[in-house]
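Okay, structure first, notes after.
Numbered from 1 within each chain, the chains take letters A, B, ... in sequence-line order. Keep in mind it's a predicted model, so treat the numbers as computed, not measured.
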Amino acid sequence: MSAHTKLGASRALVVILVLGLLAAAPAFAARRAVHSREIDKVRQLIAEAEFDRALAEIGRALAQQHNTDLMLGTLYEQQGTAYLYLGNEDKARESFERLFQAVPDFDLAPGTSPKLRSLFEQVKSDVARRMLQPVTVAHQPPPRAEPGSGLDLEAQIGSMPEAARARLYYRRAGTESYSSTFFAELEGGRQRAQIPAFELPEQASEYALEYYIEVADGAGRRLAGAGNALEPLLVKVAAARGQAPDPSSVSEERWYQRWWVWAIAGGVAAGAGAAIAVPMLLDQQATLPVTVRVQQ
Amino acid sequence: MKRLTLLLVALSACGPELSASARLPAGVEIRGLLPEQIGAVQITVLSNANARFCGDLVKTCLNQKITVGEDTVPVRGADGKDHNAIRESGFTPESLTGQGVTFDISVPAGTNYMVVAEILSGDAKLLASGCEVRDEVAEGNGNSPLVIRAQPLDPVPACDPRID
């Protein structure tokens with residue numbers, strides 16, 4: 001039997017074993033089902049024992065800017081798994097440390113191999129003992145922005161590693177891609193970035209900007225943030241003063257927020273429509289406790 | 001071969017834990033909905049509940065069944081602003097599958113409300129949905145709790161459930 005044939009047979013055996021494991025434990029496979037194209041590809045590569053290719057794919061995925069914390073946690077878990085299977089425990093440990101940096105309360109799925117779980121728990125314990133403080137981002141979105149001038153956004157960033165940088169991603173609501181700018185350090189951990197004035201043009205109608213803040217390490221990997229690409233924060237940009245409202249702005253402003261609704265409500269309260277609307281307009285707020293359970 | 005050996009060692013140690021997982025009480029895995037996938041819980045309050053069918057609304061993303069802004073009752077968020085829906089994240093698996101998670105929803109006092117809870121994955125897919133009707137929500141904090149049992153969806157619908 002040639003060396004090539006032996007290698008092929010070994011790989012086939014590995015694939016059979018991995019597939020057998022996944023088939024026997026659907027929960028094991030499904031628990032990892034945080035989906036993205038890259039994560040699914042890595043999952044497939046690990047299932048095929050293609051650990052080197054999986055690591056290369058993970059490297060590319062980690063460098064992307066739109067990873068959520070959950071995606072990062074999953075990628076670092078996959079990275080640690082691949083390194084461990086390759087016998088590189090030090091690198092696996094490093095991956096798990098990054099995992100906890102991204103998702104401090106991350107846990108493994110039941111059915112994870114004891115070898116993997118053992119290292120995972122060791123790292124978790126070490127991280128807790130060293131009391132590594134996760135990077136934190138505190139940010140209060142501004143209530144509103146004025147058109148025609150740049151919008152300063154501040155964030156309080158705690159435990160920021162030396163090589164890390166904070167970046168602001170922003171876009172006009174309804175558009176697809178984000179622009180970005182770096183935060184500049186002020187004092188006391190405060191940082192400031194500005195959305196340039198040309199992104200806030202004066203318009204007859206109000207419009208919205210979406211943005212998120214991301215702290216990434218030297219390799220561009222997200223450590224912490226406020227909002228993310230999928231769930232950005234929102235700031236409304238006021239309509240230019242003295243301009244008539246644009247009919248196209250109707251959907252951006254709720255009817256009960258308009259001054260003329262209040263005027264009509266005050267003057268025409270006897271109308272049938274107003275009879276329905278008035279209780280809401282009077283803002284008689286109520287608190288309704290809602291308990292949500294996932295049906296078992 | 002070293003790689004194969006390592007893998008065999010790792011896999012051979014999986015047996016007992018996998019068996020234990022398989023013996024978990026039915027429902028802990030929640031028929032394909034795996035708790036650590038949960039990204040957020042989204043709650044929407046609808047008006048005119050008696051004109052709606054709960055069973056129809058929870059089969060897919062609510063935003064495909066209603067007109068957001070017209071059918072929705074404004075819910076006041078922690079930011080003090082009114083929203084068409086609120087989304088909360090950061091739940092442990094046990095909290096949602098066990099006792100459940102309770103939200104204090106701030107809405108205008110009114111009648112004939114339907115409350116829809118949607119469980120979203122981290123990548124914004126609809127994993128589970130449930131709804132309940134409340135005939136009257138009185139002003140203040142004296143309203144009795146409303147319990148919503150969200151049913152996992154299988155297959156997961158190909159829609160983005162987020163309501164902004």
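A heavy-atom distance below 4.5 Å is found between the side chains of B:I148 and A:V290.
For the atom pair CD of A:E77 and CD1 of A:I46, the computed distance is 8.5 Å after rounding to the nearest 0.5 Å.
Nearest heavy atom pair, residue A:L233 against residue A:A226, reads CD1-O, 4.0 Å.
Of the atoms belonging to B:A124, not a single heavy atom falls under 4.5 Å from chain A. Using a 4.5 Å cut-off between heavy atoms, B:S129 makes no contact with chain A at all. Neither the backbone nor the side chain of A:Q140 comes within less than 4.5 Å of any heavy atom of chain B. Contacts of B:V115 with chain A are made by side-chain atoms alone, with heavy-atom separations under 4.5 Å and no backbone atom involved.
When each of B:I43, B:V68, B:N143 is checked for heavy-atom pairs under 4.5 Å with chain A, B:N143 comes out on top. Ranked by heavy-atom pairs shorter than 4.5 Å toward chain A, the options B:V107, B:D104, B:N141 are led by B:V107.
Comment: B:D71 engages B:R52 in a salt bridge, judged by a side-chain N to carboxylate O separation of less than 4.0 angstrom.
Relative ring orientation between A:F120 and A:F96 is described as perpendicular, the plane-to-plane angle rising above 60° on a 0-90° scale split at 30° and 60°.
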